[in-house]
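Below, chains carry the letters A, B, ... as their sequence lines are ordered, and counting in each starts from 1.
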Amino acid sequence: MANERYNAPEREPHWQKVWEEEKVFCASNEDDRPKCYVLEMFPYPSGRIHVGHSRNYTMGDVFARYKRAKGFNVLHPMGWDAFGMPAENAAMERKTHPGAWTYENIAAMREQLKSMGFSIDWDREFATCDVSYYKHQQQLFLDFLDKGIAYRKSSKVNWDPVDHTVLANEQVIDGRGWRSGALVEQKELTQWFFKITDYAEELLEGLSSLDKWPEKVRLMQANWIGRSQGVSIRWALSKGSAPKGHRELEVFTTRPDTLFGASFLAVAADHPLAKAAAESNPALAAFCDECRQMGTTALEIENAEKKGFDTGIRVVHPFDSSQELPVWVANFVLMEYGTGAIFACPSGDQRDLDFARKYDLPVVPVVLPKGADEATFEIGDEAVSASGTMINSGFLNGMSTEEAFEAAASKLEALKLQGKPVGVRATNYRLRDWGISRQRYWGCPIPIIHCKACGVVPVPSCDLPVALPQDVTFDKPGNPLDHHPTWKSVDCPSCGKPAVRETDTMDTFVDSSWYFARFTNPHADVPLDAKAAGYWLPVDQYIGGIEHAILHLLYSRFFFRAMADSGHAAAGGSNLREPFGALFTQGMVTHEAYFISKPDGTQVWIEPDKVRVEGEGRNRKAFLLDSGEEVQIGGVEKMSKSKKNVVDLNDFIRQYGADTARWFVLSDSPPERDVLYTDVGVEGARRFVQRAWRLVDEISDKAVKKGTKKPASFGDEAFELRRATHKALYNVGRNIEALRFNVAVAGLYEFTNVLSQAQKNTDCEGMGWALREALELFVQMIGPMMPHLAEECWARLGYNTLLVNQPWPSVDSALLVDDEVTIAVQVNGKRRGELKIAKSASKEEIEAAALSLEAVGRVLDGRTVKKVIVVPLRIVNVVA
RNA sequence: GCGGACGUGGUGGAAUCGGUAGACACAAGGGACUUAAAAUCCCUCGGAGGAAACUCCAUGCGGGUUCAAGUCCCGCCGUCCGCACCA
């Protein structure tokens, strides 16, 4: 039996079959054990799983298997984020149906995940494109509508004037449609929104309770919500300059203290005042049109050249009625934020300053920074936003910025315009409402009917689902639901007359905002089974990419609250508001990418397994395997289909087995950081799988039989092995618990080194028993990470039970304590020696021992010791 | 542009609370075993100096706090992620 290689590709399917037959991983909603809900962000079924994807599921699986061994009732489900654009693109390119393409991908990917041996409860699997899932989503929409959480308003989209279709931001390349190449326009459409802004304060406050979330994610969300305290100020329009029907302009500011430095107001191109002024001013109208040509993303707006146009409208300064300021239209002012209008203080804001310099508007310094001299202080090319002392500011002069804020705000509240206060203290949020309408086929239909007589009519619940039609074509641009000959024709549920269905579908972020709740009972005939959700939620450990830090996670936090507030609360009286108790954001798997540059400048990416790499450093060159043609080395990037730098999971498993893949993605790199895929790294993992098998296989013959009584005493080596075993167990458990898999892996490497040394001393008293203990615990420790190999080893150790059903072994803490400790001795902060001393040694004893060290005396060289710092168990520092 | 992170040997990284920097692994070099190879096992391995003991330098760069800084603070540089219709 000994010296046989472990044949992973052959043995792994065997154990997977056993687990499946025994239904080991099916979670019960009725169980006395404490519950643990482990979830990895579910995948988009893009086609095939590559090694990059597998990392996140492996981490979740190790945690889930560990928790199961620790005695928890574990829920570890899997599903598919199955709606979205790639399916429609595939439909256009390959003439397949998006549904057919999606379900084929799901079938392939499910098999891939199964071949990784993940401990998933497949009975709970669903795809968001299943009618049985999205019909409940439609019910949720109706309930949101009822509660006022869903509403309609006008909003802008990227419009391709040639294809007559709405484009996603990623479909707009350099301001042009990706297929047509036409200049993209902005178009106003009436669309559906969720009132996430109603929850802004709660979502912000809730962050402080999420102490098991990464600090950076909470910070990013807090900044995204962007609460700011300020004053909303109404400016009176000067008579004669105001368009008909307009008498005032409302502006939100966080800096009322700088009001005396205001030199102009600026409004968005879509601001009602701008539109009104443009009616009688063709040049202004043209400028506003130009602003609308600009991209819709924050990136484009920020990077665009700052431009403006004077509307001719003038406003009266609230603190000085003799002063009038011009109102401009500026391309950097957003209608969606605040009131769509700002007042500009160029001395204190860089963007305002650039604008003022460009259009020759006044710049009045109003804040004198600490240490500056008022007589010589000037604003050059850089605005000064720091706080300081107020100058040139009338009644605010001499105050600090903070005092001036209060004084100005109070005065604005006291002043009256048309009988109402000029200013009101207000809290503003950067967060905008969530636009969910998409003009696409492959999404959840919005259950609404538009009737000429009755207006917007919700589809009655009893008529759900509104299912997508199957017979659609993608041969012309635009939304196939809109083109469909019959689908949208329907009788109005209210008056019975012919009406039309809403043809917009929902943003796929809606689908992923509640799937985790649905997993608690995916077969319930209501969206949320309150009892099951009350039992399982919140998710105890959520794992996913950092790229979801804001949108998906914020939307889900909102959606969960919105569900509760529209009658879909999780039971248990817990009033649960946060769906994810702990969050972990893992890094990605990266791989070198290779490409060939075509004469037209485009790059054709090449799969790494078709490339041979030669040389080192700067001389590294890559060639095509079949033709020998040289290819460019394109740097290390995240594994992605578009760059083709993926390693297919099937190929990998066929060659190395799932356990090698699992071990590789867990090794070396800290899980929150990116890991570089390299062949040599994989070789290392493969070697360890064999080494672990060999150790167990060989040593099990030297160890005592299972169940042998523990000897009364152990020889030194046997005792040391036992200590090492329990230290390893303690560390591996702690590191899995903390998701520090790379450290757990290192600990296991270290332990195998100890084990292979110890087995040489079989003469030592009690060694046979210590080896048996070491092997059994070792196998249990690798169990969560390499479950197939561990089962194989468990059987080799003589068991006919399943390792996966064994409880996690307990640490003998008596074996963890050292009675001696080595501490470093420093002189003036530099290490000069070390000291082995009893753990119980007093400070005085440690100090005396340190000072008597030969190396310390030599370095001191007769100098007097000024001070000795003793940190027991850690360090001694002699200061001379 | 705005917001957030990260930066340690030839390489991936470890250092849990401010307390011996480089655990563990990979690569490389040397040796054992073998007819030979693979596999496996053993040794060396941050840089400079030195026969050695040992000394000096070293955690992206420049400052600071501290008895003590990879770790804390300030300022740079570089890389990565997000920016609301990719998921």
Side-chain angles (χ1 to χ4, degrees), chain A residues 3 5 41 43-44 46 81 83-86 157-158 166-172 214-217 219-224 226 296-304 332 336 350-351 430-440 507-509 511-512 545-552 554-555 585 587-588 590 616-617 638 667-670 672-676 678 680-681 683-685 687-688 690-691 694 734-735 738 740 742-743 745-750 753 756 822-835 855 858 866-869 871 873-880:
Chain A
N3 291 325
R5 284 175 65 82
M41 290 179 185
Y44 179 80
S46 56
D81 190 12
F83 275 136
M85 281 200 310
V157 294
N158 298 313
V166 177
L167 300 175
N169 283 337
E170 71 158 19
Q171 295 174 320
V172 180
E215 183 59 34
K216 62 176 170 178
V217 174
L219 239 167
M220 282 158 98
Q221 291 211 354
N223 289 335
W224 187 260
T296 54
T297 70
L299 183 67
E300 287 170 306
I301 292 163
E302 295 284 341
N303 287 346
F332 60 84
E336 289 81 11
Q350 192 60 46
R351 196 165 55 179
R430 206 183 71 99
L431 183 69
R432 310 201 297 251
D433 275 338
W434 175 12
I436 62 150
S437 292
R438 297 290 181 271
Q439 295 69 37
R440 288 185 233 292
D507 178 8
T508 56
F509 273 122
D511 312 338
S512 56
I546 185 67
E547 66 272 25
H548 295 292
I550 296 176
L551 291 183
H552 162 61
L554 191 63
Y555 286 156
T585 54
M588 289 167 290
T590 57
E616 273 182 43
K638 138 176 137 177
S667 301
D668 288 347
S669 276
E672 69 278 8
R673 232 186 279 178
D674 290 352
V675 61
L676 176 66
T678 59
V680 288
E683 271 305 315
R687 265 205 302 274
F688 184 73
Q690 291 302 333
R691 184 171 175 216
R694 212 168 44 242
R734 211 174 40 136
N735 284 316
R740 291 146 46 97
N742 59 321
V743 188
V745 164
L748 283 165
Y749 271 117
E750 208 167 353
N753 290 340
S756 54
T822 306
I823 58 179
V825 179
Q826 299 177 332
V827 177
N828 290 333
K830 282 197 173 171
R831 181 181 168 277
R832 296 296 173 179
E834 58 183 35
L835 196 59
R858 180 161 34 85
K866 288 184 194 146
K867 193 156 100 176
V868 180
I869 288 144
V871 184
L873 309 181
R874 289 201 173 271
I875 206 159
V876 178
N877 192 6
V878 180
V879 185

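Counting any heavy atom pair closer than 4.0 Å across all strands shown, A:K830 reaches sugar-phosphate atoms only and no base atom. Looking at heavy-atom distances under 4.0 Å, A:M220 makes contact with a base. Base contact: A:N877 has a heavy atom under 4.0 Å from a base atom. Contacts of A:P670 with the nucleic acid, taken as non-hydrogen atoms under 4.0 Å apart, involve only primed sugar atoms and P, OP1 or OP2. As judged by a 4.0 angstrom heavy-atom cut-off over every strand, A:V166 is placed among the base-contacting residues. Contact annotation for A:V871: base contact, defined as any heavy-atom pair under 4.0 Å involving a base atom. Among the atoms of the strands shown, none is found under 4.0 Å from any heavy atom of A:Q171. In this structure, A:F509 reaches the bases: a heavy-atom distance under 4.0 Å links it to at least one base atom across the strands shown. At a threshold of 4.0 angstrom between heavy atoms, the contacts of A:L748 with the nucleic acid are absent. Among the atoms of the strands shown, only primed sugar atoms or phosphate atoms (P, OP1, OP2) are found under 4.0 Å from some heavy atom of A:E750. As judged by a 4.0 angstrom heavy-atom cut-off over every strand, A:S512 is placed among residues making no nucleic acid contact. The residue A:W224 sits close to a base: some heavy atom pair falls under 4.0 Å. A:R740 comes within 4.0 angstrom of the backbone, heavy atoms only, and of no base. Residue A:H552 is out of contact with every strand shown, counting any heavy-atom pair closer than 4.0 Å.
Contact annotation: A:R430 does not reach the phosphate of B:C2 (side-chain N/O to OP1 or OP2, under 4.0 Å). Within the 4.0 Å cut-off from OP1 or OP2 of B:A25, not a single side-chain nitrogen or oxygen of A:S667 is found. Side-chain N/O atoms of A:N742 include one lying less than 4.0 angstrom from OP1 or OP2 on B:A14. Contact check, A:R432 against B:A84: no side-chain N or O comes under 4.0 Å of OP1 or OP2. In this structure, A:S669 does not reach the B:G12 phosphate: none of its side-chain N or O atoms is under 4.0 Å from OP1 or OP2.
Along RNA chain B, the nucleotide nearest to A:N753 and the one nearest to A:D81 differ in position, and the one closer to the 5' end is contacted by A:N753.
Taking 90° from 0 as the syn/anti boundary, the base of B:G49 is oriented anti. An anti base is found at B:C57: its glycosidic angle is more than 90° from 0.
Across the protein-nucleic acid pair, A:I436 atom CD1 and B:A84 atom C1' stand 14 Å apart, rounded to whole Å. The nearest whole Å value for the distance from the CD1 atom in A:I550 to the P atom in B:G3 is 12 Å.
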Given protein heavy atoms under 4.0 Å, the one-letter contact record of nucleotides 42-55 of chain B, with B base, S sugar-phosphate only and - none, is simply S-----------SS
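Using the six-membered ring where Trp is involved, A:Y555 and A:W434 have ring planes that are parallel, under 30° apart on the 30 and 60° scheme.
Pairing each heavy atom of A:P214 with each of A:T585, the nearest pair is CG-OG1, 4.1 Å. Closest approach of A:A549 to A:Q221, counting heavy atoms only: O-NE2, 3.0 Å.
Helical stems in RNA chain B, defined as runs of 3 or more consecutive Watson-Crick or G-U wobble pairs with both donor-acceptor distances under 3.5 Å, are listed by first residue as B:1-7 with B:77-83, B:10-12 with B:24-26, B:28-32 with B:40-44, B:46-49 with B:54-57, B:60-64 with B:72-76.
Checked by distance alone, A:R440 brings a side-chain donor or acceptor within 3.5 Å of a matching partner on the base of B:C85. With hydrogens and angles ignored, no donor-acceptor pair under 3.5 angstrom links the side chain of A:R691 to the base of B:U40.
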